[in-house]
Amino acid sequence: TQTKTMASSEEFLKVQDGARHAGLIFCSFVLFLHGAGIGAGLGYAGLVLPHHVGSSINLLQLTVEESTWFVGITPLAMTCGVLMSIPISEKIGRKKLFVISNIFSILGYIVMYFASAFSVLVLGRGIQCFGMGLGAMTVGVFLSEISTVKMRGPLIGISQTSACVGQLIGASICIFLPIEFLSLILASNSFLVIILMFFLPGSPHWLVRKNKETDARKSMKTLRGNKYPGIDMEIMEIKNCVKERESVDKGSVSNSVTRRTFTLPLLVFTVIFMVLGTCGNDTFLFYGPTIFTQIEVGIPTPVLSTLPWIGFSIGYAISSPLMAKMNRKVQFMIFASVMSVSMFTFGAVLKFINEDKSLLLQILLVSSLQVGTIAYGAGVGSIPYTMVGEVFTPEYKTVGACAVQSVRCITVFIFIKAIPSMITFIGIHGIFFVHGCVLIFAVIFAWIFVPETKGKTLTELCALYEK
């Protein structure tokens, strides 16, 4: 049986080598714009917050308490969006969900632009973040369903880079244009994405599960080319993994939680995504500028605040070519180890740098910060999101991906609320020691429990947790 499976896999990969990539490239481009919008949207509150508090420009002024809720609503509203995307995606399909996601984002940005009261401003931010949540996890799911085996990892990795690129572009826009127009600019990106979405093919997996095999074949021709000889082979493989008569109800949460092929990857990646929420990335996102204002190293705070996002972007940019060369599990473990060392080093430098502002400590501070953030993008952050689109069987992809992302959002909300108290008890440097310990745990956990998924066909992926 193993020999037959291996021969079938080799034949499958050989046929896919003859597929055209123009359709995949276009889909990746559109989803890159969508992901960049999500990244810029995540960073929006941090960019405008200083201007909402004690600023003379034409933005609604907030108290300190109001400002914390304006920022804190981000993970909560995104969690609601992520959870709602599960039934919506299975009901109407990935493509329509992306359109709805961007409509909500546009509506939220417009409400925030015209907001004249705190309640209206928070409502707008909640609507916009709910929209981001609707379209956040479905990107990886959709790409995993339309890509070839060899292109699956790199394409998902490129889409993840888009969030960091979006955050950098959003920050750069503020240098040249008035901050009060940022919401309208981001809304225009969502409008462009909506237009381009109408040219995307549907997910062959979803279409087969909904008994729309003719549409699935048309979609496959758009993705692989009209002369692609492997359409029947790919459609048959999807059918073998997802029986058509069970496609309607098996995607529901109530039925999926009792199946081993759902519960085991859910448990494993729930832990991994809790690690993502506490390994340091979100500390920089929500508290980076605040922390950097308390560090006196002779480097301007705005410069220090931009360094993490430069590192994240570089890391995500190199993650895709690395995925083409390295196994997923190995890549995650290596870069989690590197990031752990960087977080311990960064914390140690923070402990002493206010007393000793030597050039050596300044170099260590910047280099450990950059190495750590690059390591996050190159493996710690990119690999889990890639694997989530692989370890869950087709009918459970959306449920599983959205469930673990919701866990991350809730973890982030709890952690960012705890950071002020943690600073009081263990100091700023102690927080980064905690991040380092979390990453050590992640390496050990991945070594024991995380499976390898690189190069596996859909049939092989479906069998990962059957025994």
Side-chain angles (χ1 to χ4, degrees), residues 35-55 57-82 101-102 104-136 163-175 177-187 189-190 277 281-293 301-302 305-306 308-309 312 408-410 412-417 419-420:
I38 291 178
L42 281 170
Y44 174 81
L47 290 171
V48 302
L49 187 61
H51 304 281
H52 277 296
V53 181
S55 175
I57 72 167
N58 192 25
L59 281 182
L60 180 67
Q61 295 301 288
L62 305 177
T63 65
V64 174
E65 178 65 19
E66 289 173 339
S67 68
T68 60
W69 278 106
F70 177 61
V71 174
I73 197 174
T74 300
L76 294 180
M78 279 199 69
T79 300
C80 294
V82 167
S101 166
N102 283 279
F104 270 94
S105 292
I106 292 172
L107 179 61
Y109 284 127
I110 293 175
V111 171
M112 285 189 285
Y113 178 76
F114 290 104
S116 58
F118 168 67
S119 58
V120 179
L121 183 69
V122 171
L123 174 64
R125 179 61 174 170
I127 293 172
Q128 182 252 321
C129 290
F130 178 79
M132 289 194 301
L134 284 176
C164 286
V165 172
Q167 287 164 344
L168 284 175
I169 292 176
S172 301
I173 289 173
C174 297
I175 298 175
L177 294 175
I179 190 72
E180 58 263 36
F181 297 117
L182 180 60
S183 60
L184 297 182
I185 294 170
L186 299 184
N189 176 76
S190 292
N281 171 70
D282 294 292
T283 300
F284 288 121
L285 174 62
F286 293 103
Y287 279 97
T290 302
I291 290 174
F292 292 136
T293 57
T301 299
S305 299
T306 58
W309 300 113
F312 290 139
R408 177 179 180 172
C409 289
I410 294 170
V412 169
F413 176 76
I414 295 172
F415 193 79
I416 64 176
K417 286 295 185 182
I419 282 181

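For clarity, every value in this text was computed on a predicted model and none was experimentally measured. Index from 1, following the sequence.
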Please enumerate all residues that pass side chain to side chain contact (heavy atoms under 4.5 Å, CB included) together with I414, with sequence neighbours excluded. I410
Which heavy atom of I38 sits nearest to which heavy atom of A136, and what is that distance? CD1-CA, 3.8 Å
For T74, which residues count as a side-chain hydrogen bond (donor to acceptor under 3.5 Å, both in side chains) partner, sequence neighbours excluded? R125
Which residues satisfy the side chain to side chain contact (heavy atoms under 4.5 Å, CB included) test with A163, sequence neighbours excluded? none
Would you list the atom pairs, donor with acceptor, under 3.5 Å between side chains in residues 104-121 and any protein atom, with sequence neighbours excluded?
from, atom 1, to, atom 2, distance (Å)
S105, OG, S101, O, 3.3
Y109, OH, Q128, NE2, 3.2

Excluding sequence neighbours, so at least two apart, what forms ring pair (Phe, Tyr, Trp, His ring centres under 6.0 Å) with F70? H52
Got a second to check how far L59's CG is from I179's CD1, nearest 0.5 Å? 7.0 Å
Closest non-hydrogen atom pair, C409 against T79: CB-OG1, 2.8 Å
Residues which pass salt bridge (Lys or Arg N to Asp or Glu O under 4.0 Å) with R408, listed by chain and number, not counting sequence neighbours: D282
Grab the two heavy atoms, one from M78 and one from L42, that are nearest each other, plus how far apart they are. SD-CD2, 3.4 Å
Looking at every heavy atom in both F312 and C164, which two are closest together, and how far apart are they? CB-SG, 3.4 Å
Minimum heavy-atom separation for G170 to L182, with atom names? O-CD1, 4.1 Å
